[in-house]
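Before any comments, here is the structure.
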Amino acid sequence: MSKVMEPGVQSAVHSGQVGRPVKRLESAAKVTGRAEYIHNLELPGMLHAKVVRSTVAHARIRGIDTSAAKALPGVYDVITAEDILKVIPDPYYGPAFHDQPILAIDKVRHVGEPVAVVLATDVHVADQATDLVEVDYEELEPVFHEVEAYKSQTAIVHDVIRPAGTFADLKSLQPRTKTNVGMEYHLRSGDLDAAFAKADYVFEHTFRSQQVNHLPLEPTVTVAQLTDTGNLLIHTSSQSPSFVRIEVARLLGWPENKVRVRTAYLGGGFGAKLYIKLEALVAALALITQRPVKLSLTMEEQFYTITRHAATVTIRTGVTKDGRIVARDCKTWWNGGAYADIGPRVTQKSGFTAAGPYDIEAVSLDSYAVYTNLPPAGALRGFGIPQLVWAYESQADIIARELGIDPLEFRRKNILRNGRPHATGTIMQDAGTVEVLEELARKMRWDQPFDHGSGTIRRGRGIAIGVKAAVSPTTSVAFVNLYSDGSVGVYCGTVDMGQGSDTAMAQIAADVLGLRAEDVRIIHPDTEVTPYDMATLGSRSTFHMGNAVRLAAEDAKQKIVAMCAEQTGFDPAALVVRDGGVAAPDGSFYTFGAILAKRHGMQAGNVLGVGTYFPYYEKPNPETGMSEHITPYWMVGGTGVEVEVDTETGKVHITRLVTVGDCGKAINPGIVRRQLSGASFMQMGFTLFEEMVFDEGQVVNASMADYKIPGFWDLPDINEVSIVEVPHRNGPFGAKGIGETGSLALSPAVANAIYDAIGVRIYETPLTPEKVLKALREKQGQVWEDA
């Protein structure tokens, strides 16, 4: 059963803590400045590290002269790869391939790559000394564009690539030797030639999206120290502390229990703080110096650490006269930069969704992760899906308009419904494709006349819809600790980086245990005490960790009920957990604390509940890319916009933004709405103006002065969010992830609205005033000369 939640209306399905608009538990700590961030951590005897970065895109290192830097007063040491090799003989890391050295060895592959590190007790001295390190390069042929790199036989970024073997879904996918193709994924479903033969029309277009930066307002920071027992303690602003522990232990050849990784609140992440970023380097520096070491990136350095993939998508679609899509052939090239990071997984996970939320008879999808001499690319809010939705939903609008079919009716005609197989062979179930589309139509008042304006300001409206598969396979484990006084702590590795997961997890545990969410304490990720969690990414936490917390709470609940039954003689099935205790059928009530006190003869003991969740997954067939269980759940998001286009300047202003997302069940409706709004505003920047500009691999706008993100003046005049609830049978209380959903479809919705306003189509983001004006002038037959 699905339903739509209107703003301000609380869910009526569940009467407990789930569905309650609980105020964020950490809000007071954040607004008063008491919340902990790793950036504020200072340790006695701590050294500050500053990185010497490559100034060229592709070169062999002939030598590094550190003498002048070492001679600067206040400098403790200057570290190069030679020093790293003494403590870590094989210093290569990466979640997909072990291709990235801790510091460059023999060769650099992008501007900004770490070549050496200066250590000093004063961070400004360390920074000053980086300018004194001289690096002698022998430059090599670089390659920057993903399609050119795919074809290149002379500019090869890596001679050897070693698969990491970390993820089960990537083990059958190998790099091509002597090319820049890091990994490729192919999906073949149905008879493509026969399906195209049935088509009355074939449409083919190429779309491109640009490199953008995550730009969390808290740049990445790591502090590492050796403990008095010789173990390693890493404090880091990471979205994946469990992975960091595993990877650092592997690099050191240590058991996992000698490496401890802890986090605090994160000032945003969006994928920038996943896997290893600074941790391996800082750990090595702490081992070399035997002193605590801190490395804090500047805003500028973030541009050289991780980006979002630029992507080129060529999409060919066969359609019948009545508007049925019967065939789709799509090729995508992902610009992975110099090191793979998680790009191969983006390539596969996004690649298999290129058919879109549509029911298509035959599909051929090819997806290539390509190395270039640009900064590495990884996951960024949507795991590659927004780049694909940009292509297939722009083309959907083109097809509909050329066939004379309303864009909404075209989507209704082709939408993939529950019970039908997705192109991968996985049956769609509990996905709100139809519900999101219909809610989008209702909110946009699509059936009503629309004023396109006159004069220099023209108006248009557009819609788009996207679908994303949850990342799989992944595992989450949680502990629920019922303390001796009856209070509760939840131990989980999910990192609250602003998305509100602490509050949502507290609500889930509280609902099961009959408590208020405000009475549950969330223990922040610390691998010394919190159990394994794959990572906080890809909108997976509510579903995966939410289930683990639910199971752990259920485990604790069963144990305390059994204890009460033993003490009272009541049948456990007759006892009810509520209000912080257990109610018996005779009206008596026993608090959790009283039950524990009776067991131990005093206030003592614990009840520990354990929950582990890992949904079933079947990796794709290596030949066809097919799988009957490619994902545990689907996310569906739709966007509608109304825009004004200034035909004299090309400026586009979004006057109305409608974001619709299917969350299955809103654990906290307020948080869900803010997640949807935040994702859509972020994607709005990527759509209209954000772009990393390169000159021979050098980012020329690597600062917040030159790289603009949306400000208050950029926001839409009207912003509306609708939550659709199509419960998932395996979700905690029916819930699914929502964090990325608002980002999926915004870019094509805006492009479609621009077309509706002024009749020009743009095929590459961002949709800057210059591009809009150029397309408009070319349509008017005027010559446009680039400056």
Under-4.0 Å salt bridge between R60 and D136
no
Pairing residues for S367 by the side-chain hydrogen bond (donor to acceptor under 3.5 Å, both in side chains) criterion, not counting sequence neighbours:
W334
Assess the residue pair V125 and L72 against the criterion (side chain to side chain contact (heavy atoms under 4.5 Å, CB included)); give the C-alpha distance rounded to whole Å, side-chain angles, the decisive distance to 0.1 Å, and a yes or no.
CA-CA 8 Å; V125 171; L72 186 71; 4.1 Å; yes
Salt-bridged, E740 to R381, with N to O below 4.0 Å?
no
Partners passing side-chain hydrogen bond (donor to acceptor under 3.5 Å, both in side chains) against H235 (at least two apart in sequence or in another chain)
Q225, R262
Please list every donor-acceptor pair under 3.5 Å in which a side-chain atom of residues 266-273 meets a protein atom from a residue at least two apart or in another chain.
from, atom 1, to, atom 2, distance (Å)
K273, NZ, E218, O, 2.7
K273, NZ, E218, OE1, 2.8
K273, NZ, G268, O, 2.7

N/O donor-acceptor pair under 3.5 Å between T542 side chain and G546 backbone
no
d(T305 OG1, E113 CD) to nearest 0.5 Å is 11.0 Å
State, without any angle test, whether T307 and N213 hold a side-chain donor-acceptor pair at a distance under 3.5 Å.
no
Exactly one of S240, P525, P241 clears side chain to side chain contact (heavy atoms under 4.5 Å, CB included) with V261, and that residue is P241
Could you list the residues that satisfy salt bridge (Lys or Arg N to Asp or Glu O under 4.0 Å) with E554, not counting sequence neighbours?
none
D106 atom CG, neighbour heavy-atom count above 12 within 6.0 Å
no
Does any N or O in the side chain of T298 come within less than 3.5 Å of the main-chain N or O of E301, such that one atom is a donor and the other an acceptor?
yes
Would you indicate whether the side-chain heavy atoms of H48 and M46 approach each other to under 4.5 Å?
yes
Can you confirm whether F614 is buried at CZ, in the sense that more than 12 heavy atoms of other residues, nucleotides or ligands lie under 6.0 Å from that atom?
no
Would you check, one step at a time, whether the test side chain to side chain contact (heavy atoms under 4.5 Å, CB included) holds for I508 with M545?
CA-CA 10 Å; I508 290 171; M545 185 57 79; over 6 Å; no
When you look at H544 and T474, which way does the side chain to side chain donor-acceptor pair (under 3.5 Å) test go after all the steps?
CA-CA 8 Å; H544 292 78; T474 69; 3.3 Å; yes
Please list every donor-acceptor pair under 3.5 Å in which a side-chain atom of residues 63-70 meets a protein atom from a residue at least two apart or in another chain.
from, atom 1, to, atom 2, distance (Å)
D65, OD1, S67, N, 3.0
D65, OD1, S67, OG, 2.7

Considering residues at least two apart in sequence or located in another chain, which fulfil the salt bridge (Lys or Arg N to Asp or Glu O under 4.0 Å) criterion with R550?
none
Parallel, tilted or perpendicular: rings of H158 and Y371 (30°, 60°):
tilted
Residues in salt bridge (Lys or Arg N to Asp or Glu O under 4.0 Å) with R176, at least two apart?
E184
For residues T236 and E279, is any side-chain donor paired with an opposing acceptor at under 3.5 Å?
yes
Under 6.0 Å from the ring centre and within 45 degrees of the ring axis: does the NZ or CZ of R62 meet both conditions for the six-membered ring of Y137?
no
I'd like to check the ring-ring contact (aromatic ring centres under 6.0 Å, His included) partners of H629; sequence neighbours left out, ordered by chain and number.
Y616
Output for pair (Y93 OH, I276 CD1), nearest 0.5 Å, gives 7.5 Å
With sequence neighbours left out, which residue pairs that include part of residues 63-92 fulfil the ring pair (Phe, Tyr, Trp, His ring centres under 6.0 Å) condition?
none
In Å, rounded to the nearest 0.5 Å, how long is the span from OG1 of T263 to NE2 of H524?
7.0 Å
Does the K107 side chain pair with the main chain of A104, one donor and one acceptor, at a distance under 3.5 Å?
no
Quick one: do R260 and D526 make a salt bridge, cutoff under 4.0 Å?
yes
Keeping to residues at least two apart or across chains, list the side chain to side chain donor-acceptor pair (under 3.5 Å) pairs with something in residues 119-129.
none
Are any side-chain N or O atoms of S242 and backbone N or O atoms of D533, one a donor and one an acceptor, separated by less than 3.5 Å?
yes
Other residues, nucleotides, ligands: >12 heavy atoms within 6.0 Å of E82 CD
no
Judged by atom type as modelled, is there a donor-acceptor pair below 3.5 Å linking the side chain of N373 to the main-chain atoms of P142?
no
To the nearest 0.5 Å, what is the distance between NE2 on H309 and CD1 on I342?
9.5 Å
Measure from the side-chain N and O atoms of R291 to the backbone N and O of P44, and report whether any donor-acceptor pair falls under 3.5 Å.
no
Sort and list the pairs that fulfil ring pair (Phe, Tyr, Trp, His ring centres under 6.0 Å) and have at least one residue in residues 284-305, not counting sequence neighbours.
F303-Y707
Working to the nearest 0.5 angstrom, can you tell me the gap between S472 OG and I630 CD1?
8.5 Å
Spatial distance of atom CD1 (I234) from atom CD1 (I38) [nearest 0.5 Å]
11.5 Å
Residues which pass salt bridge (Lys or Arg N to Asp or Glu O under 4.0 Å) with D131, listed by chain and number, not counting sequence neighbours
none
